[in-house]
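To keep things clear, I will list the structure first and then write my remarks on it.
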Amino acid sequence: MDNIIEIEIEDRDGTVQKIEIPTDVNLSLMELLKASEYEVLATCGGMALCATCHVQIKSGGQHLSEPQDQELDMLDTLPDADDDSRLACQLRLTNENEGLSIKIKGALQ
């Protein structure tokens, strides 16, 4: 069970749930959210082009990789993005991300 972490996810309606996710499957946070039946459009397929997988990092963000220019450019186009905003398609979680807390913010259309 070494490669399982628990993260906390707040959905758009305020529902908070903890889910266990594997860190050894090489999926992005966006793909893991979709697999956990969260509604994430991901219309661009994870290329950081649509921002429908916008999440707010509530806590634990210090262990995430730094955003690249393309992700930052996309976040700049969002009216509700702030310093805690990330695109879930650009995040690959590791065992260091145990306890990460996020809020799903991406658009549904």
Heavy atoms only: give me the nearest [X]-[Y] pair and the separation to one decimal.
X     : Y      : value
Ala48 : Cys89  : N-SG, 3.7 Å
Glu8  : Ser101 : OE1-OG, 3.0 Å
Gly61 : Leu100 : N-CD1, 4.2 Å
Leu32 : Pro22  : CD2-CD, 4.3 Å

Can you measure from [atom1] ([X]) to [atom2] ([Y]) and round to the nearest 0.5 angstrom?
X     : Y      : atom1 : atom2 : result
Lys18 : Ile7   : NZ    : CD1   : 11.0 Å
Thr23 : Glu96  : OG1   : CD    : 10.5 Å
His54 : Ile102 : NE2   : CD1   : 10.5 Å
Leu75 : Asp84  : CG    : CG    : 11.0 Å
Asp83 : Ile57  : CG    : CD1   : 12.5 Å
Ser85 : Leu78  : OG    : CG    : 7.0 Å

Exercise for review: Please indicate whether Glu39 has more than 12 foreign heavy atoms, meaning atoms of other residues, nucleotides or ligands, lying under 6.0 Å from its CD.
Suggested key: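 Check fails, neighbour count at 12 or below.
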Practice item. For atom CD of Glu98, decide whether the heavy atoms of other residues, nucleotides or ligands shown that lie under 6.0 angstrom number more than 12. Key: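 Counting other residues, nucleotides and ligands, CD of Glu98 exceeds 12 neighbours.
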With hydrophobic residues grouped by side-chain heavy-atom distances under 4.5 Å, do [X] and [Y] end up in a single group?
X     : Y     : result
Leu33 : Leu49 : no
Leu87 : Ile21 : no
Leu64 : Val25 : yes

Keeping [X] on the side-chain end and [Y] on the backbone end, is there a donor-acceptor pair under 3.5 Å?
X     : Y      : value
Thr52 : Ala107 : no
Asp11 : Asp13  : no
Ser36 : Tyr38  : no

**Study point:** Non-neighbouring partners of Asn26 that pass side chain to side chain contact (heavy atoms under 4.5 Å, CB included), sequence neighbours left out
**Key:**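 In terms of side chain to side chain contact (heavy atoms under 4.5 Å, CB included), with neighbours along the sequence ignored, Asn26 is linked to Arg92.
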Any non-hydrogen side-chain atom of [X] less than 4.5 Å from a side-chain atom of [Y]?
X     : Y     : answer
Leu27 : Leu93 : no
Met30 : Val55 : no
Asn97 : Leu29 : no

Practice item. Enumerate the residue pairs fulfilling side-chain hydrogen bond (donor to acceptor under 3.5 Å, both in side chains) with a member in residues 55-67, sequence neighbours excluded, ordered by first and then second residue. Key: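 Only Glu10-Lys58 qualify under side-chain hydrogen bond (donor to acceptor under 3.5 Å, both in side chains).
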Exercise for review: Please determine which of Asn95, Asn3, Asp2, Ile4 meets the side-chain contact (heavy atoms from CB on, under 4.5 Å) test together with Asp24.
Suggested key: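 Checked Asn95, Asn3, Asp2, Ile4 against Asp24; only one passes side-chain contact (heavy atoms from CB on, under 4.5 Å): Asn3.
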Review point. Quick one: salt bridge (Lys or Arg N to Asp or Glu O under 4.0 Å) partners of Glu71, sequence neighbours excluded?
Key: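 Here the qualifying residues are Arg86.
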